[in-house]
Amino acid sequence: MNVRECLNILIFFVVVLLIASGLKFRPTLSFLGLVILLTLLPSFMLRFSEVFSKTSTLAGIFVLGLVINASIGTILLQTKDIKLGIALSSLLPLTLILIPDVFATSLLIRAEASKKEIFAFYFWFLLSVGLAILFLLPTGNATHGNPFMQNIAKDFPAISLLVMYLELILIPSTFCLIYRHLKTFLIFTPMPVVLGYAMSFSLG
């Protein structure tokens with residue numbers, strides 16, 4: 001790893017620590033266990049990096065996520081079974097967040113980023129989504145959303161899932177494409193802000 005890469009990752013983790021201290025975050029044993037469990041996925045992806053970097057694999061991940069989220073949204077609209085609704089709702093963090101994370105991380109693997117950068121991006125994606133969701137929570141100074149999307153979300157809730165899925169796919173992927181040309185990991189730093197504003201506008 002060269003000096004520039006070390007410096008970029010160091011600055012990046014300083015930003016993460018500042019965010020964590022601002023949120024008064026204190027990790028617990030269960031949280032650390034979850035982090036270790038989540039680490040298995042990027043490890044598996046790096047083990048088979050030649051597979052995940054293929055265009056056909058990327059297209060398959062994208063379509064799979066689209067089909068799964070559209071199916072869950074449609075079933076949630078039609079089902080009257082509370083247990084089924086709860087079960088499907090509990091899957092949304094996986095289908096809405098983890099699939100886009102795998103897709104964007106695969107793009108980074110394809111861009112020949114280092115292993116440290118790939119792991120850092122994988123978890124930064126998860127943290128970025130969490131911060132974007134915090135951004136969307138109602139506050140006294142909350143901004144008005146997009147009335148058009150609010151009406152669509154009210155009449156067709158399933159579309160909101162697809163819009164969020166596409167945002168979580170396209171925005172990080174755009175950052176990955178920029179990284180491919182600039183080779184600067186710090187390009188990912190503003191991702192939580194961009195996700196937050198995009199989701200607040202499109203989802204209301």
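Atom CD1 of residue Ile187 and atom NE2 of residue His181 lie 11.5 Å apart, to the nearest 0.5 angstrom. We find the OG-CG distance between Ser200 and Leu195 to be 10.5 Å, quoted to the nearest 0.5 Å. To the nearest 0.5 Å, the span separating CG on Leu126 from CG on Leu131 amounts to 11.0 Å. Atoms CG and CZ, on Leu108 and Phe188 in that order, are 4.5 Å from each other to the nearest 0.5 Å. With rounding to the nearest 0.5 Å, the separation of OG1 in Thr74 from CG in Asn69 is 10.5 Å. If you take OG on Ser53 and CE on Met45, they are separated by 10.0 Å, rounding to the nearest 0.5 Å.
Between Val51 and Thr57 the shortest heavy-atom distance is O-OG1, 2.7 Å. Looking at every heavy atom in both residues, Ser106 comes nearest to Ile61 through OG-CD1, 4.0 Å. Of all heavy-atom pairs spanning Cys176 and Ala104, the tightest one is SG-O, 3.4 Å. The nearest pair of heavy atoms linking Ala120 to Phe185 is CB-CZ, 3.6 Å. The minimum heavy-atom distance between Gly73 and Leu161, with the atom names listed, is CA-CD1, 3.6 Å. Nearest heavy atom pair, residue Thr189 against residue Trp124, reads O-CZ2, 3.3 Å.
Side-chain contact between Phe123 and Thr39 is present, with heavy atoms from C-beta onward closer than 4.5 Å.
Although no hydrogens or angles enter the test, the distance criterion places no donor-acceptor pair under 3.5 Å between the side chain of Ser49 and the main chain of Arg47. Checking side-chain atoms of Ser114 against main-chain N and O of Glu117 turns up a donor-acceptor pair under 3.5 Å. Panel note: side chain Asp101, backbone Ile97; no donor-acceptor pair is recorded below 3.5 Å.
In this structure, Phe119 places its CZ atom where more than 12 heavy-atom neighbours from other residues, nucleotides or ligands lie under 6.0 Å away.
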Q.
Leu41 vs Leu98, test: side chain to side chain contact (heavy atoms under 4.5 Å, CB included). Steps then yes/no.
A. CA-CA 10 Å; Leu41 184 54; Leu98 209 54; 4.1 Å; yes
**Q.** Criterion side chain to side chain contact (heavy atoms under 4.5 Å, CB included) on Thr55 and Arg110, from CA distance to verdict
**A.** CA-CA 9 Å; Thr55 302; Arg110 187 171 183 169; 2.9 Å; yes
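Annotation: ring pair (Phe, Tyr, Trp, His ring centres under 6.0 Å) contacts of Tyr122 (sequence neighbours excluded): none.
Both Val63 and Ile169 belong to a single network of hydrophobic side chains, linked directly or stepwise wherever heavy atoms of I, L, V, M, F, W or Y lie under 4.5 Å apart.
Ring-plane geometry between Phe62 and Tyr165 is classed as tilted, the angle between the planes lying from 30 to 60 degrees on a 0 to 90 degree scale.
Not less than 6.0 angstrom separates the ring centroid of Tyr179 from the ring centroid of Phe175.
Just one residue in the list Thr95, Leu91, Leu96 forms a side chain to side chain contact (heavy atoms under 4.5 Å, CB included) with Ile68, and that residue is Thr95.
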